[in-house]
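Have a look at the structure below before the remarks.
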Amino acid sequence: MEFTKFEKIPLRQLGEKWVQDRIAEDPAALGLGESVILKDKEKIQPSAGRLDLLLQDAESYWRYEVEVQLGATDPSHIIRTIEYWDIERRRYPQYEHTAVIVAEDITSRFLNVVSLFNGVIPIMAIQMSALKNGNQVGLVFTTVVDQMSLGYEDEDEETYETVDRAHWEAKRSGEIVAMADNLLKLAKQFNDSWELNYNKTYISLVKDGRVNAFIRLFPKKNFSHLWIRAEHSEETTQNLENAGLDVQKKKTGYFIRRLGPGEIERYKDILTDLVGEAIAMKRSTN
């Protein structure tokens with residue numbers, strides 16, 4: 001393997017349109033997944049300018065509202081990114097939406113502002129660089145802020161309002177809510193005293209009055225997200241991916257982005273192991 005040197009060049013030499021075109025040609029380069037495709041480009045927003053890129057995961061109901069910025073992130077681009085995300089999610093509520101800002105420099109001020117959202121707004125920040133070797137130029141993208149890193153992992157259970165099953169049955173179909181019952185079956189293999197704990201934002205588990213929020217089901221219209229706190233291992237990650245699950249490794253566990261009705265039962269062997277580990281980890285922290 002031959003070593004070669006690359007020269008980092010300012011993206012302004014290439015132009016924002018050039019960068020947008022390269023991303024449009026190969027949306028997977030952003031690191032959002034191999035199944036992400038271009039849905040629209042320079043999409044006109046009512047009274048709000050144009051959305052640089054609208055991407056969609058071809059294998060799920062997930063869309064990404066992408067704003068490209070040369071140089072460092074600034075307040076106007078942050079506001080614009082969130083505004084476009086909000087417009088799209090209101091117009092197309094059947095999809096899950098994530099705001100994405102792609103910039104040459106993700107500043108500490110931007111990170112401070114994003115931290116104020118505390119998971120309320122799903123947003124990603126991707127830093128990009130241009131590298132040159134002779135007459136060839138390439139783009140490198142590095143995820144700095146992940147869409148689920150601010151809100152699904154470490155927040156206190158008490159920060160969200162407790163509801164009942166009727167609340168979820170009024171919002172979601174019976175087969176979606178029944179996914180929580182299937183999750184409960186997995187937990188009861190370790191202790192029959194586990195029950196479901198209904199929260200306004202997600203469904204977790206409770207036993208003897210103690211909530212285990214290390215396991216959280218987020219019911220959506222046609223599917224559910226599932227977050228499980230567990231130690232990362234190559235074997236577990238490989239097993240999840242080989243099963244065809246749309247999974248992301250988080251700082252403290254695994255986030256399965258899309259589980260349809262019946263799929264908790266379908267993947268019960270691998271999910272049971274993860275549930276057991278989350279229960280054990282929660283017990284060790286009490």
Side-chain angles (χ1 to χ4, degrees), residues 118-119 148-233 235-286:
N118 194 30
M148 309 312 300
S149 65
L150 298 172
Y152 276 16
E153 297 190 11
D154 299 315
E155 73 269 32
D156 190 336
E157 176 79 10
E158 295 181 358
T159 60
Y160 291 105
E161 178 184 348
T162 298
V163 296
D164 56 17
R165 189 181 182 96
H167 167 86
W168 282 105
E169 290 177 336
K171 291 177 58 177
R172 304 293 184 240
S173 67
E175 60 180 3
I176 292 295
V177 177
M179 294 178 68
D181 300 323
N182 291 331
L183 184 63
L184 179 62
K185 290 179 182 178
L186 303 187
K188 281 183 173 291
Q189 295 181 50
F190 301 94
N191 190 305
D192 196 53
S193 297
W194 285 109
E195 299 294 339
L196 292 175
N197 179 66
Y198 300 100
N199 188 286
K200 193 172 183 178
T201 308
Y202 53 81
I203 300 174
S204 58
L205 301 173
V206 61
K207 179 172 72 70
D208 301 327
R210 300 183 71 90
V211 174
N212 185 345
F214 283 13
I215 304 167
R216 305 183 189 184
L217 187 75
F218 299 82
K220 300 298 179 181
K221 184 176 180 180
N222 300 305
F223 59 91
S224 290
H225 304 316
L226 177 63
W227 178 75
I228 299 181
R229 183 163 183 169
E231 293 290 341
H232 296 154
S233 73
E235 181 181 1
T236 299
T237 302
Q238 195 66 48
N239 288 340
L240 288 166
E241 292 177 350
N242 289 344
L245 291 169
D246 185 2
V247 63
Q248 292 181 328
K249 287 170 64 176
K250 296 299 170 183
K251 181 174 62 177
T252 55
Y254 291 95
F255 180 75
I256 301 174
R257 296 204 307 175
R258 185 182 178 87
L259 278 172
E263 290 193 329
I264 289 181
E265 176 68 19
R266 177 182 175 186
Y267 299 112
K268 64 180 180 181
D269 291 341
I270 187 170
L271 293 179
T272 296
D273 292 340
L274 284 175
V275 167
E277 185 173 345
I279 289 174
M281 290 182 69
K282 180 63 176 177
R283 188 188 305 122
S284 67
T285 63
N286 291 336

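Predicted, not measured: the structure shown is a model, and the values here were computed from it.
Put simply, the side chain of T272 reaches to within 4.5 Å of the side chain of F190, judged on heavy atoms. Residues V275 and I215 are in side-chain contact: their nearest non-hydrogen atoms beyond the backbone lie under 4.5 Å apart. At least one side-chain heavy atom of Q189 sits less than 4.5 Å from a side-chain heavy atom of L186. Counting heavy atoms from C-beta outward, E241 and V247 have side chains that approach closer than 4.5 Å. You'll find the side chain of L205 stays beyond 4.5 Å of the side chain of V211, heavy atoms only. Contact annotation: the side chain of F214 never approaches that of I279 to less than 4.5 Å [non-hydrogen atoms, C-beta and beyond]. Between I256 and L271 the shortest side-chain heavy-atom distance falls below 4.5 Å. In this structure the side chain of L217 reaches within 4.5 angstrom of the side chain of M179, judged on heavy atoms.
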Quiz item: Can you check side chain to side chain donor-acceptor pair (under 3.5 Å) on Y198 and S204, steps first, answer last?
Solution: CA-CA 7 Å; Y198 300 100; S204 58; over 6 Å; no
Quiz item: So D181 and L196, side-chain contact (heavy atoms from CB on, under 4.5 Å) or not? Walk me through it.
Solution: CA-CA 8 Å; D181 300 323; L196 292 175; 3.6 Å; yes
Quiz item: side-chain contact (heavy atoms from CB on, under 4.5 Å) between L259 and I264: does it pass, once the steps are laid out?
Solution: CA-CA 7 Å; L259 278 172; I264 289 181; 4.1 Å; yes
Quiz item: Would L226 and F255 satisfy side-chain contact (heavy atoms from CB on, under 4.5 Å), going step by step from the backbone distance to the final call?
Solution: CA-CA 6 Å; L226 177 63; F255 180 75; over 6 Å; no
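Residue W227 holds its CH2 atom at 8.0 Å from CZ of F218, rounded to the nearest 0.5 Å. For the atom pair CG of L183 and CD of E265, the computed distance is 12.0 Å after rounding to the nearest 0.5 Å. Put simply, CD1 on I270 and CD on E235 are 9.0 Å apart, with the number rounded to the nearest 0.5 Å. To the nearest 0.5 angstrom, R257 atom CZ is 9.0 Å from F223 atom CZ. Here CG of N222 is found 9.0 Å from CZ of R172. Values are rounded to the nearest 0.5 Å. Between the CD atom in E231 and the OG1 atom in T236 there is a gap of 10.0 Å [rounded to 0.5 Å].
Remark: K221 NZ is loosely packed, at most 12 non-hydrogen atoms of other residues, nucleotides or ligands lying under 6.0 Å away. A 6.0 Å sphere centred on NZ of K207 holds more than 12 heavy atoms belonging to other residues, nucleotides or ligands. Atom CD of E169 is surrounded by more than 12 heavy atoms from other residues, nucleotides or ligands within 6.0 Å.
Under the 6.0 Å distance and 45° angle rule, K188 does not count as a cation-pi partner of W194.
Remark: K268 does not engage D273 in a salt bridge, criterion side-chain N to carboxylate O under 4.0 Å.
Counting only distance, with no hydrogens or angles, the side chain of R229 and the backbone of G253 share no donor-acceptor pair below 3.5 Å. Remark: the backbone N or O of H167 is paired with a side-chain donor or acceptor of D164 at under 3.5 angstrom. At least one donor-acceptor pair closer than 3.5 Å links the side chain of R216 to the backbone N or O of A213.
Aromatic ring centroids of H225 and Y202 lie 6.0 Å or more apart.
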